[in-house]
Engineer: 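I have a structure here, written as structure tokens, and I will follow up with some questions on it.
Both backbone and side-chain heavy atoms feed into the values below; hydrogens, waters and symmetry mates do not. Proteins come first, then strands; the chains are lettered A, B, ... in the order of their sequence lines, and each starts at number 1.
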Amino acid sequence: MTPEKLTYMANQIATAFARQPEDAAVTAIADHIDAFWDPRMRAQLIELAEAGAPDLSPRVAHAARRIRRPEAA
Amino acid sequence: MKDFILPDADFGTPARRSDRTVTLTIDGFEVTVPEGTSVMRAAAELGIEIPKLCATDSVEPIGSCRLCLVEIEGRRGTPASCTTPVAPGMKVHTQTPKIARMRRGVMELYISDHPLDCLTCSANGDCQLQDMAGAVGLRDVRYTPGANHFETRQNGEANPRYIEKDASNPYFTYDPAKCIACYRCVRACEEVQGTFALTVEGRGFEARISTGASDFLSSDCVSCGACVQACPTATLQEKSVIEMGTPDRAVVTTCAYCGVGCNFRAEMKGDQLVRMVPSKDGKANRGHSCVKGRFAYGYATHPDRILNPMIRDSIHDPWREVTWEEAFEFTARKFRGIQEKHGVRAIGGITSSRCTNEETFLVQKLIRQVFGNNNVDTCARVCHSPTGYGLKTTLGTSAGTQDFDSVEHADVVLIIGANPTDGHPVFASRLKKRLRQGAQLIVADPRRIDLVRGPHVRAAHHLPLRPGTNVALLTAMAHVIVTEGLTDDDFIRERCEMDAYQDWAGFVAEDRHSPEATEALTGVPAEEVRKAARLYATGGNAAIYYGLGVTEHSQGSTTVMAIANLAMATGNIGRPGVGVNPLRGQNNVQGSCDMGSFPHELPGYRHVHDAEVRGMYEKLWNVTISDEPGLRIPNMLDAAVHGTFKGIYIQGEDILQSDPDTKHVASGLAAMECVVVHDLFLNETANYAHVFLPGSTFLEKDGTFTNAERRINRVRRVMAPLNGFADWEVTQHLANAMGAGWSYAHPSEIMAEIAATTPTFAGVSYGLLDREGSVQWPCNDAAPTGTPVMHEGGFVRGKGLFVVTDYVPTDERTGPRYPLLLTTGRILSQYNVGAQTRRTQNSIWHDEDRLEIHPHDAETRGIAEGDWVRLASRSGETTLRATLSDRVSPGVVYTTFHHPETQANVVTSDFSDWATNCPEYKVTAVQVALSNGPSEWQKTYSERARAARRILPAAE
Ligand code: SF4
Ligand code: SF4
Ligand code: SF4
Ligand code: FES
């Protein structure tokens with residue numbers, strides 16, 4: 001997946017939880033991604049976050065630290 | 001109803017519902033029936049059949065033929081039993097010398113104006129007039145033929161009363177010469193179908209049935225078949241019966257088109273299907289049908305069907321026909337090869353919402369057990385996945401709350417983003433019946449759908465919102481309900497989580513959510529929103545029905561939750577007449593979701609993270625089940641382009657045509673090493689396939705479909721699969737070629753495995769379905785015959801959860817280059833991508849997709865009716881012909897997507913629902929301009945498609 005599209009999808013999730021307080025929102029984002037994203041998408045997101053991708057919403061970047069680390073396939 | 005060959009008992013008049021019963025005596029036998037029942041029906045319940053012509057139990061009686069006379073002790077005269085209600089202690093005699101004489105007189109009159117060509121008549125052996133002549137003992141007709149309606153010539157001149165047969169409808173004929181003016185057809189069209197296409201012209205002897213047009217085809221008739229069903233003679237008759245003769249056996253099965261799930265009697269002669277007749281016992285359809293299920297089954301024997309497996313190494317090669325063994329071996333080798341090279345997660349599959357529950361269960365089992373991953377998804381991804389997420393989050397279960405009978409108890413019906421008269425016709429007929437009884441209707445839809453203004457139906461409010469603003473509109477309605485104090489506080493306190501409610505109520509009460517504040521966004525006048533909200537909250541039982549106009553948005557899941565919020569806030573959930581009802585597109589969308597077709601869920605909506613559920617399947621299937629969610633369809637395509645996803649097994653779906661952003665789908669498919677398409681026809685996706693496995697139709701297999709009301713209906717095999725195998729057998733062979741060792745001998749064994757592993761299906765078995773006809777899940781020890789209404793005592797999730805629904809505008813915005821909003825929909829006669837219906841005579845009603853555009857927008861572009869126009873978006877462009885219509889507002893254009901040449905999804909964007917990736921089909925910013933022919937993409941596409949469909953002649 002292109003990094004742009006992955007970023008867009010992750011940010012969309014963050015927007016849906018935007019009204020929640022920081023910590024609850026970060027947990028909700030991480031839970032949502034854990035529940036619905038295949039490991040290769042999660043790996044790519046973690047990579048992007050770790051590289052400090054500027055377009056990633058700060059809450060997503062934060063959540064990326066909490067999401068489940070995928071094992072290699 | 002010509003019930004005599006294959007009886008499906010006709011009680012003469014409709015059943016009555018009443019708490020009070022009445023006991024009377026008929027011919028010396030006592031019978032107790034609900035108050036309001038007719039004497040005719042009471043007699044029928046005793047097994048006494050009173051002769052009748054103008055009465056049938058699908059319509060209200062009118063008492064015109066006078067054949068059903070009876071004598072009642074203590075009453076004078078001979079009342080018509082069809083229009084006489086029972087009374088306590090009544091003593092009825094159905095057969096006396098006096099009555100017999102009078103009945104013969106009536107019949108004599110009828111027969112004197114009827115041709116006596118019974119032996120060669122298409123209704124021979126299947127005609128109530130014939131039967132009644134026999135029943136009353138008519139032996140001679142004393143009248144000499146005078147003025148009549150059946151002779152072509154009289155006294156050497158053309159008979160002015162003779163009207164020629166009308167064969168314009170592709171499926172039935174109207175032969176006025178045989179009409180006995182019983183008006184059953186007229187009443188069926190009004191009462192059952194609700195179209196009011198037929199009227200009576202003239203009076204007495206001159207009375208004729210009229211469509212108000214030159215023939216049936218050009219009239220308002222929607223070809224539902226209700227009148228044909230009701231007609232006692234050969235006047236309205238299926239062409240298939242005229243051609244083939246009367247059927248000799250009937251098998252009850254379920255329509256394979258839409259999510260209503262109508263039950264039909266497939267009436268057979270040997271292995272030939274003579275006709276499909278809606279079953280009165282069908283709990284979803286109650287004896288009614290639409291043109292698709294009733295007549296459009298010809299695709300099952302269409303010459304385009306591919307009956308032999310085919311393979312090829314490259315999609316640029318022509319197809320090579322091979323044996324089944326070779327095809328399975330080839331596929332297994334390719335799939336295993338890919339996994340060795342690229343890892344277990346490099347392949348996956350797609351289950352079909354058109355196939356049975358059993359078949360879907362097997363495909364996901366193939367992927368989870370044999371492929372060893374969770375890369376399974378289904379086309380519900382592109383339609384109702386937000387329903388799953390939204391209803392599970394708020395109510396606790398991913399399904400509609402009611403049965404269709406529930407609409408009979410609704411006082412207010414809110415329809416959002418659905419067009420039932422086209423998409424779910426039989427439900428629409430049942431809804432219209434309720435509306436004619438006085439229920440009120442609110443329609444929220446960008447387009448003025450037929451229900452807004454139809455014969456004897458008027459919506460109280462039409463809220464023509466701008467596409468993409470559902471959440472803003474629903475939140476504005478909630479604002480009115482909360483700020484005007486119209487909430488059901490007892491219900492909320494008792495049944496819902498209070499903290500979440502208060503948070504939500506505070507949110508919707510904010511001024512920025514008022515109808516006045518959101519009018520500029522939604523385009524709906526604030527006052528209308530207020531009135532609609534008040535009506536919904538205070539009009540009695542209020543039910544919401546919604547469709548893809550809700551789900552197929554970037555905020556689809558949010559909209560579903562907004563709908564659930566409204567229902568909870570007003571206490572409209574948990575009893576008949578209310579509820580939240582998704583209208584499912586395809587026949588088995590509900591079932592395919594139930595059966596574990598989603599990459600994160602095992603059957604029964606249980607997450608793959610749940611170790612206990614995984615453990616159960618692991619023990620049963622003897623493998624380790626991955627606890628990682630798999631790829632969703634759009635993600636599979638992305639991963640394919642990215643090079644990490646290489647092989648796919650697609651059962652009964654045409655993702656190239658049905659999924660958004662065609663070019664992206666095409667490049668995803670083109671990047672794969674092994675695409676396996678399992679379908680009836682060489683569909684569009686098959687242009688990119690390496691293996692083609694021929695599929696079977698619903699007539700050729702056993703199984704079950706689950707409709708939009710969670711109803712599990714039986715599908716029964718009436719003929720052998722032309723391709724040799726039912727779809728479940730094909731999947732089993734493929735699994736075994738990959739070493740699975742499955743040995744299902746019949747779909748009932750698959751259902752047994754489903755029941756044993758899925759708590760909501762625990763009580764389901766083919767034995768139960770044969771006994772009950774159908775059941776609605778949950779079906780288990782707590783509800784042994786199923787659950788018509790959900791959340792009765794409490795919510796499945798415990799307490800109902802209000803979720804704050806912030807409106808987030810889609811990023812698909814209009815601008816100077818793309819100033820119009822395109823939205824998409826369906827039409828009655830065609831179904832989904834049209835693969836089936838295009839291969840029937842239904843195409844007579846819809847032979848191309850057209851672009852509906854408001855006359856104002858057309859004028860500024862110089863577009864006239866029927867002009868070819870270019871429809872362009874940021875994703876791509878296509879061409880089609882325009883039709884001018886004020887059903888759409890200025891600024892909005894609309895089209896259907898039933899024909900592959902249209903390529904409407906070349907235009908749709910890549911945006912999708914935030915929670916489920918359900919594509920945003922319903923909003924695309926576009927520009928429309930005059931054009932002079934097909935676009936480049938359409939041209940190169942059809943050339944490529946032709947090349948990709950070549951089949952090598954079989955080797956000598
Ligand atoms: S087919 Fe249906 S719509 Fe057409 S005239 Fe008969 S009842 Fe009416
Ligand atoms: S067409 Fe058939 S149903 Fe209609 S009035 Fe004539 S006989 Fe009766
Ligand atoms: S298409 Fe739908 S409404 Fe029509 S007959 Fe089939 S299930 Fe019923
Ligand atoms: S059946 Fe009762 S009057 Fe015709």
Side-chain angles (χ1 to χ4, degrees), chain A residues 1-49 51 53-64 66-73, chain B residues 339 342-346 348 372-375 377 385 389 393 471 503-504 506-507 554-555 557-558 561 598-601 607-609 626-632 634-645 664 668 803-811 910-917:
Chain A
M1 191 170 311
T2 62
E4 293 77 29
K5 192 159 168 193
L6 198 81
T7 305
Y8 183 85
M9 281 170 54
N11 288 351
Q12 244 186 322
I13 297 167
T15 309
F17 297 114
R19 248 188 109 260
Q20 304 202 8
E22 177 75 15
D23 201 53
V26 169
T27 308
I29 296 166
D31 286 350
H32 189 91
I33 289 175
D34 277 346
F36 297 105
W37 283 27
D38 141 278
R40 73 200 87 175
M41 290 163 66
R42 295 206 313 276
Q44 203 185 347
L45 181 68
I46 293 172
E47 224 173 87
L48 281 173
D55 295 334
L56 226 41
S57 104
R59 282 181 171 185
V60 171
H62 193 170
R66 292 205 203 157
I67 64 178
R68 209 162 93 139
R69 308 268 126 179
E71 292 164 34
Chain B
Q339 287 190 304
H342 302 278
V344 283
R345 290 185 198 136
N373 61 47
N374 286 315
N375 290 330
D377 205 356
S385 51
Y389 180 88
T393 305
V471 171
D503 187 35
W504 174 80
F507 165 80
S554 58
Q555 276 203 292
S557 294
T558 314
M561 294 190 285
F598 286 135
H600 65 284
E601 275 171 347
H607 203 280
V608 294
H609 286 170
S626 166
D627 67 346
E628 284 288 11
L631 291 165
R632 300 172 284 196
N635 311 149
M636 289 180 192
L637 296 163
D638 286 324
V641 174
H642 207 235
T644 63
F645 189 79
H664 180 64
V803 176
V804 165
T805 54
D806 231 334
Y807 168 65
V808 181
T810 168
D811 286 318
D910 198 20
F911 291 116
S912 65
D913 176 44
W914 67 270
T916 65
N917 272 177

Engineer: Output the option from A:D34, A:T2, A:L6 having the highest count of non-hydrogen pairs under 4.5 Å with chain B.
Structural biologist: A:D34

Engineer: With under 30° as parallel and over 60° as perpendicular, where do the rings of B:H600 and A:F36 fit, or are they tilted in between?
Structural biologist: perpendicular

Engineer: If you take all heavy atoms of A:P39 and B:P629, which pair is closest and at what distance?
Structural biologist: CD-O, 3.4 Å

Engineer: Is there a side chain to side chain contact (heavy atoms under 4.5 Å, CB included) between A:W37 and B:E628? Walk through the geometry before answering.
Structural biologist: CA-CA 8 Å; A:W37 283 27; B:E628 284 288 11; over 6 Å; no

Engineer: Passes side chain to side chain contact (heavy atoms under 4.5 Å, CB included), A:Q12 versus B:Q555? Steps please.
Structural biologist: CA-CA 10 Å; A:Q12 244 186 322; B:Q555 276 203 292; over 6 Å; no

Engineer: Select, from B:V641, B:D913, B:V804, the one with the greatest count of heavy-atom pairs under 4.5 Å involving chain A.
Structural biologist: B:V804

Engineer: Which one, B:N635, B:V808, B:T558, B:D806, leads in non-hydrogen pairs under 4.5 Å with chain A?
Structural biologist: B:N635

Engineer: Going by an N to O cut-off under 4.0 Å, is there a salt bridge joining B:D638 and A:R40?
Structural biologist: no

Engineer: Surrounding NE2 of B:H607 (heavy atoms of other residues, nucleotides or ligands, distance under 6.0 Å), is the total greater than 12?
Structural biologist: yes

Engineer: Evaluate the side-chain proximity of A:R68 to B:D627: yes if any heavy-atom separation is below 4.5 Å, no if none is.
Structural biologist: yes

Engineer: For B:Y389, is it the side chain, the backbone, both, or neither that has a heavy atom closer than 4.5 Å to a heavy atom of chain A?
Structural biologist: side chain

Engineer: Tell me, do B:D503 and A:R19 make a side-chain contact under 4.5 Å, heavy atoms counted?
Structural biologist: yes

Engineer: Any chance you could lay out the side chain to side chain contact (heavy atoms under 4.5 Å, CB included) test for A:Y8 and B:D811, step after step, and finish with the verdict?
Structural biologist: CA-CA 11 Å; A:Y8 183 85; B:D811 286 318; 2.6 Å; yes

Engineer: Could you go step by step and tell me if A:M41 and B:L631 meet the side chain to side chain contact (heavy atoms under 4.5 Å, CB included) rule?
Structural biologist: CA-CA 9 Å; A:M41 290 163 66; B:L631 291 165; 4.2 Å; yes

Engineer: Measuring from B:F911:CZ to A:M9:CE, what's the distance to the nearest 0.5 Å?
Structural biologist: 13.0 Å

Engineer: State the CG-CZ distance between A:D38 and B:R345, to the nearest 0.5 angstrom.
Structural biologist: 6.5 Å

Engineer: Which one of B:V608, B:L637, B:N917, B:N374 has the most heavy-atom pairs closer than 4.5 Å to chain A?
Structural biologist: B:N917

